[in-house]
Protein chains: 2
Amino acid sequence: MTRMRFPARDPETPMHKQTLAERPDGVPVKDATEIPRDVVEAGVTIGLRPRQRLSMSIDEEMVYVVTAGVLLLDSLPSPSGRQIVDLFYRGDVVRPKYAPLLPGMNLIASTRAEVVRIPWRKLEALSDASPVLREWLDRQLSRQAQRRLAHIAAIGVLTGEERLATLLIELALRVGEAGFEDSRSFDMALSRTDMADYLSLNADTLSRIMSRLRQQGVVGTSGRGRAYTSNFKALCARSPVAETIKSLHARTV
Amino acid sequence: MTRMRFPARDPETPMHKQTLAERPDGVPVKDATEIPRDVVEAGVTIGLRPRQRLSMSIDEEMVYVVTAGVLLLDSLPSPSGRQIVDLFYRGDVVRPKYAPLLPGMNLIASTRAEVVRIPWRKLEALSDASPVLREWLDRQLSRQAQRRLAHIAAIGVLTGEERLATLLIELALRVGEAGFEDSRSFDMALSRTDMADYLSLNADTLSRIMSRLRQQGVVGTSGRGRAYTSNFKALCARSPVAETIKSLHARTV
DNA sequence: CGGGGCTTTGATGTGCTTCAAGAACGGTGG
DNA sequence: CCACCGTTCTTGAAGCACATCAAAGCCCCG
């Protein structure tokens with residue numbers, strides 16, 4: 001099978017209970033990735049090991065709300081080429097009905113992850129009953145739609161290096177923690193191969209670009225599966241769409 | 001200014017009144033691109049000349065339902081590269097809120113077109129009041145979400161020739177008419193440049209690929225802005241995602 | 001400590017891009 | 001009706017970014 005790429009941490013409390021840190025001044029941070037309690041309670045919480053697959057059948061339509069970890073939607077559009085068409089982070093709503101009928105379409109966990117499974121009809125009903133929930137769902141789906149278009153733009157016109165920078169910014173914002181000054185460290189939630197397939201690059205090429213960025217001091221790696229930037233601004237300067245990504249992945253509202 | 005690339009046709013009756021032909025056996029075809037009457041009546045119908053721009057401001061959120069023609073959503077993610085991130089055909093719902101904050105983001109008509117402008121809140125209210133309308137809106141938005149992911153897969157892993165074949169299939173299904181046997185003819189609703197920017201290819205390269213397909217007898221062109229295939233199946237054989245595209249652009253339910 | 005998966009790096013190949021020139025087309029006005 | 005003009009399209013030659021192939025290194029795990 002596949003090895004556990006990431007160490008298990010804090011296994012006793014459910015992952016979705018783990019909250020963001022508070023600001024120094026004591027004002028609690030409003031977390032944009034928070035999942036409404038009603039949704040969690042109306043669904044079934046499912047823990048996922050890395051590489052575990054989730055059903056995408058659309059009869060008795062189910063959706064998944066990601067409470068922790070990273071999921072990916074991959075496909076084999078042509079016999080020779082895998083493409084990861086979407087990434088899902090904490091707070092995202094995964095609706096299999098939004099996935100096209102492509103060969104080899106699969107929804108799998110990239111890291112250890114946790115989702116809440118809930119029938120779409122039920123989520124719709126909750127949204128109909130509560131304006132707050134409706135707003136949450138609408139904001140969530142809108143952001144995800146925006147991310148997909150931004151990704152089209154990224155793989156369409158950016159160079160390999162720019163694409164990788166874009167993804168690293170995304171990961172730093174999504175699964176990273178801010179450190180001293182402008183430094184950030186984050187889990188590499190995707191393997192090199194997955195990163196390559198997401199950015200439509202070759203794994204070899206991706207590795208080369210990564211090495212180049214490391215040489216230039218833009219990013220560093222500590223062991224497998226972990227990376228850091230001492231200068232997040234410098235990383236952002238490498239991506240022409242940095243501002244767009246920041247607006248789409250900001251964790252605070 | 002820009003020239004009118006396409007001859008005006010049937011100017012006296014509104015474009016959205018023009019319906020599909022009936023099947024030989026007399027059974028009316030159920031048109032998947034039909035727009036519910038309630039929606040048309042609740043909004044304002046707007047005619048568009050080629051290259052005309054539509055507002056994408058999101059205060060007082062408006063959406064556009066395309067009743068005729070082709071619209072495109074383009075952007076300038078990097079100073080050197082334009083990317084058309086989405087295409088909209090008859091029946092599509094264009095929601096500016098789904099467009100990311102990319103530099104140079106613009107919604108413009110590619111051909112002569114017609115849209116119905118309606119506040120999002122109103123469309124939501126209509127959908128809340130009528131299950132039929134809710135189903136229509138949901139189906140429409142789902143299909144469009146699927147198309148975006150399919151497009152990521154296409155520009156991600158397909159070769160130039162495969163991408164072009166994919167787009168031609170899409171156009172043949174969307175804006176084309178079936179002819180004798182397996183032949184189809186259709187408007188080239190996009191200029192070469194636009195096609196290139198949609199498929200993330202260079203315009204020169206696209207022209208070359210087009211010439212190659214012409215030499216091989218897969219497609220033919222009659223004047224500018226018009227194309228045909230005598231063998232639609234052969235065209236489909238050129239695209240690994242032909243089946244996906246067919247499922248997403250079939251005009252009949 | 002030895003095996004398998006993932007990653008890195010080098011040498012080489014190729015599909016696409018770039019640059020540049022010319023052809024075809026559509027519209028305009030004599 | 002035809003000569004003219006701007007735009008779009010086509011085609012060639014040269015170059016580059018990325019892909020492919022191959023071999024070695026790393027790391028975790030049994």
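What's counted below: heavy atoms across the whole structure, side chains too, no hydrogens, waters or symmetry copies.
With A/Thr166 contributing its side chain and A/Ser239 its backbone, the two residues share no donor-acceptor pair below 3.5 Å. For the pair A/Tyr64 (side chain) and A/Ser55 (backbone), a donor-acceptor distance under 3.5 Å is present. At least one donor-acceptor pair closer than 3.5 Å links the side chain of B/Thr244 to the backbone N or O of A/Leu101. Distance alone, capped at 3.5 Å, places no donor-acceptor pair between the B/Ser110 side chain and the B/Leu72 backbone.
Rounded to an integer number of Å, the gap from CE of B/Met188 to C1' of C/dC25 is 15 Å. As rounded to whole Å, 11 Å separates atom P of C/dT7 from atom CG of A/Asp197. As a whole-Å value, the separation of B/Ile155 CD1 from C/dC16 C1' is 15 Å. Across the protein-nucleic acid pair, B/Leu201 atom CG and D/dA17 atom P stand 18 Å apart, rounded to whole Å. Straight-line distance from the CD1 atom of A/Ile209 to the C1' atom of C/dT7: 15 Å, rounded to whole Å. One atom, CG of B/Asn202, and another, C1' of D/dG12, lie 14 Å apart when rounded to the nearest Å. Note: CG (B/Leu158) to P (D/dA19) measures 14 Å, nearest angstrom. Between B/Met195 atom CE and D/dT8 atom C1' the separation is 14 Å, expressed in whole Å.
Checked by atom type, the side-chain pair B/Thr67/B/Glu114 shows a donor-acceptor distance below 3.5 Å. No side-chain donor from either of B/Arg112 and B/Gln52 sits under 3.5 Å from a side-chain acceptor of the other.
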Can I get a per-line list of side-chain donor-acceptor pairs under 3.5 Å for residues 195-208 of chain A, giving both atom names and the distance, sequence neighbours left out?
unit_1	atom_1	unit_2	atom_2	d
A/Asp197	OD2	A/Arg82	NE	2.6
A/Asp197	OD2	A/Arg82	NH2	3.1
A/Asn202	OD1	A/Asp204	N	2.7

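Side-chain atoms of B/Val175 and B/Val70, non-hydrogen and from C-beta on, do get closer than 4.5 Å to each other.
Figure legend: B/Arg184 and B/Phe232 shown as a cation-pi pair, the cationic atom lying under 6.0 angstrom from the six-membered ring centre and within 45 degrees of its axis.
Qualifying ring-ring contact (aromatic ring centres under 6.0 Å, His included) partners for B/Tyr228, counting only residues two or more places apart in sequence or in other chains: none. A/Gln144 meets the side chain to side chain contact (heavy atoms under 4.5 Å, CB included) test with A/Phe88, A/Asp92, A/Val93, A/Gln140, A/Arg147, A/Arg148; sequence neighbours excluded.
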Are any protein N/O atoms closer than 3.5 Å to N/O atoms in nucleotides 22-24 of chain C? If there are, list each pair with its distance.
none

Detail all sub-3.5 Å separations between protein N/O atoms and N/O atoms belonging to nucleotides 8-15 of chain C.
unit_1	atom_1	unit_2	atom_2	d
C/dT8	OP1	A/Arg192	NH2	3.1
C/dT8	OP1	A/Arg214	NH2	3.1
C/dT8	OP2	A/Arg192	NE	2.7
C/dT8	OP2	A/Ser207	OG	2.9
C/dT8	O5'	A/Ser207	OG	3.1
C/dT9	OP2	A/Ser211	OG	2.5
C/dT9	O4	A/Asp204	OD1	3.0
C/dG10	N7	A/Arg208	NH1	2.9
C/dG10	O6	A/Arg208	NH2	3.3

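A heavy atom closer than 4.0 Å to some atom of DNA chain D occurs in no member of residues 72-83 of chain B.
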